[in-house]
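One structure is given below, encoded as structure tokens.
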Amino acid sequence: MRSRAAKKPVGMLYVKVIRAVNLKKMDILGKSDPYVKLKLTGERLQSRKTTVKMSNLNPEWNEVFTFAVKDPNSQVLELLAYDWDKVGTHDKLGMQILPLKYVTAHEPKIFTLELLKTMDPNDPHNKRSRGQIIVELTYNPFKEDDNSVRDYENATEVDKAPEGTPEGGGLLVVIVHEAEDVEGKHHTNPYVTLLFMGEERKTKRVKKNRDPRWEQDFEFMLEKPPVGEKIQVKVLSKGSSFHWHRKEDLGYVDINLSDVVNNKRINEIYHLINSRNGKIHIELQWKT
């Protein structure tokens with residue numbers, strides 16, 4: 001992973017997912033269990049998600065999501081509607097994109113968007129109606145003296161190491177945020193193990209969830225910077241004590257720690273090795 005100079009945000013985008021209408025029927029009983037994923041291009045953080053509305057082709061959410069905007073002239077909001085399934089892959093109901101250049105600063109605007117199979121204008125599947133999604137967008141640029149700018153910059157800074165940290169060393173902080181699309185063959189009760197310099201740490205287990213959120217942090221006090229070292233992040237699933245398949249590997253990633261020593265903070269989403277679609281959001285901090 002190469003270090004990159006990150007652009008500073010120039011404003012905040014507020015997206016209110018209001019509702020959807022006439023969604024496609026995906027279940028045998030003629031219903032769907034819809035939810036919406038939101039992603040802003042150019043943002044490293046994981047997709048935001050609405051709640052799931054069970055057995056509803058005309059769901060109402062009225063849920064608000066916040067994004068830091070770095071370039072309103074080029075960034076695009078991606079919206080993907082899915083049908084939630086307890087077992088197997090979640091089926092895509094439809095998608096749409098919305099360039100931020102169509103949003104006027106400080107003016108809330110409601111958009112009614114036709115859901116499409118793909119964003120290919122020549123795709124014949126797009127002629128078939130998949131329903132609509134209604135969202136409200138508000139873009140508020142920062143002012144130069146806006147406290148929001150300072151708040152954001154302060155949020156990206158790393159605190160100093162606590163007293164008692166070895167001279168020449170530091171404190172490595174690993175924050176396990178969440179994972180997406182992790183799935184076991186026999187059960188999906190994911191937890192994460194961190195293996196670093198022979199020491200293993202574990203998160204809590206989240207039962208029956210392919211998109212688990214942990215938000216747990218772990219600290220390693222080191223006598224010298226971990227340049228050239230790696231930390232292995234592994235996602236596993238643990239079944240019940242009566243389950244024949246007690247434990248399953250859901251994927252892993254080895255993270256080189258040289259970047260976090262040089263940059264002080266790395267906040268990335270990693271694709272899991274040996275997983276079809278699984279990803280994990282890990283933040284690392286090096287405090288001296």
Side-chain angles (χ1 to χ4, degrees), residues 11-43 45-141 178 180-181 209-211 213 269 277 279:
M12 299 301 295
L13 176 69
Y14 302 90
V15 181
K16 183 177 184 180
V17 181
I18 301 173
R19 63 183 178 273
V21 293
N22 299 324
L23 292 177
K24 189 177 178 183
K25 300 173 185 178
M26 301 297 287
D27 298 342
I28 297 174
L29 300 176
K31 294 288 186 179
S32 290
D33 304 321
Y35 69 93
V36 179
K37 274 187 182 182
L38 304 92
K39 176 74 175 176
L40 187 64
T41 58
E43 186 183 58
L45 298 180
Q46 197 159 349
S47 303
R48 317 294 206 275
K49 295 179 185 178
T50 67
T51 54
V52 177
K53 299 296 182 182
M54 305 300 288
S55 301
N56 200 328
L57 300 179
N58 299 283
E60 290 201 19
W61 287 284
N62 291 307
E63 297 177 23
V64 179
F65 302 87
T66 306
F67 298 87
V69 176
K70 297 176 182 177
D71 186 355
N73 294 317
S74 66
Q75 284 184 284
V76 173
L77 179 69
E78 299 174 347
L79 299 146
L80 296 100
Y82 285 90
D83 173 39
W84 181 87
D85 283 315
K86 188 174 182 180
V87 179
T89 306
H90 297 188
D91 296 318
K92 189 167 75 174
L93 294 169
M95 64 183 300
Q96 191 51 271
I97 61 172
L98 188 53
L100 298 195
K101 63 184 179 182
Y102 296 137
V103 183
T104 303
H106 303 297
E107 293 183 14
K109 186 172 182 180
I110 293 178
F111 295 85
T112 300
L113 306 170
E114 294 288 338
L115 290 171
L116 304 174
K117 170 78 171 177
T118 68
M119 296 314 299
D120 180 356
N122 299 316
D123 190 337
H125 293 99
N126 287 336
K127 294 179 181 179
R128 186 177 178 181
S129 177
R130 292 177 167 266
Q132 299 171 319
I133 186 167
I134 296 94
V135 295
E136 181 184 77
L137 272 62
T138 306
Y139 171 54
N140 292 335
E178 57 190 341
E180 182 178 350
D181 291 333
N209 199 321
R210 292 184 296 187
D211 302 312
R213 180 185 292 270
I269 294 173
N277 298 310
K279 291 177 280 190

Heavy-atom check, side chain of Lys16 versus side chain of Tyr14, under 4.5 Å: no

Non-hydrogen atoms of Arg130 and Leu116 that approach each other most closely: CD-C, 3.7 Å

Expected output: side-chain Glu63 to main-chain Thr51 donor-acceptor under 3.5 Å: yes

Closest heavy-atom pair and its distance - Val36, Trp61: CG2-CH2, 3.7 Å

Residue pair Lys24 / Leu93: nearest heavy atoms and the distance that separates them: O-CD2, 3.6 Å

Heavy-atom closest contact (Ser74 atom, Thr41 atom, distance): O-OG1, 4.4 Å

Asp181 vs Asp211, side chain to side chain contact (heavy atoms under 4.5 Å, CB included): CA-CA, chis, key distance, verdict: CA-CA 6 Å; Asp181 291 333; Asp211 302 312; 3.9 Å; yes

Residues Glu180 and Lys37 bridged, charged N to O under 4.0 Å: yes

Pairwise side-chain contact, Ser129 with Asn22, heavy-atom cut-off 4.5 Å (strictly under): no

Short side-chain to backbone donor-acceptor contact, Gln75 and Gly42, under 3.5 Å: no

Smallest separation among heavy atoms of Lys53 and Glu60, with atom names: CE-O, 3.1 Å

Distance (rounded to the nearest 0.5 Å) between Leu57 CG and Lys25 NZ: 6.5 Å

Interatomic spacing from CZ in Phe111 to CD in Gln132 - rounded to 0.5 Å: 14.5 Å

Greater than 12 external heavy atoms within 6.0 Å of Lys117's NZ: no

NZ/NE/NH1/NH2 to OD/OE distance under 4.0 Å, Lys39 and Glu78: no

His125 NE2: over 12 foreign heavy atoms closer than 6.0 Å: no

Side-chain donor/acceptor of Gln96 to backbone N/O of Glu114, under 3.5 Å: yes

Note, Asn58 side chain near Leu23 side chain (heavy atom, < 4.5 Å): no

Closest heavy-atom pair and its distance - Asp33, Val52: O-CG1, 3.6 Å

Tyr102 six-ring face occupied by Lys109 cation (under 6.0 Å, within 45°): no

Between CZ on residue Phe67 and CZ on residue Arg48, distance to nearest 0.5 Å: 4.5 Å

pair Tyr139-Leu100: side-chain heavy atoms closer than 4.5 Å: no

OG1 on Thr50 to CD1 on Ile133, rounded to 0.5 Å: 7.5 Å

CE on Met119 to CG on Asn126, rounded to 0.5 Å: 7.5 Å

Interatomic distance, Lys92 atom NZ to Leu115 atom CG [nearest 0.5 angstrom]: 10.5 Å

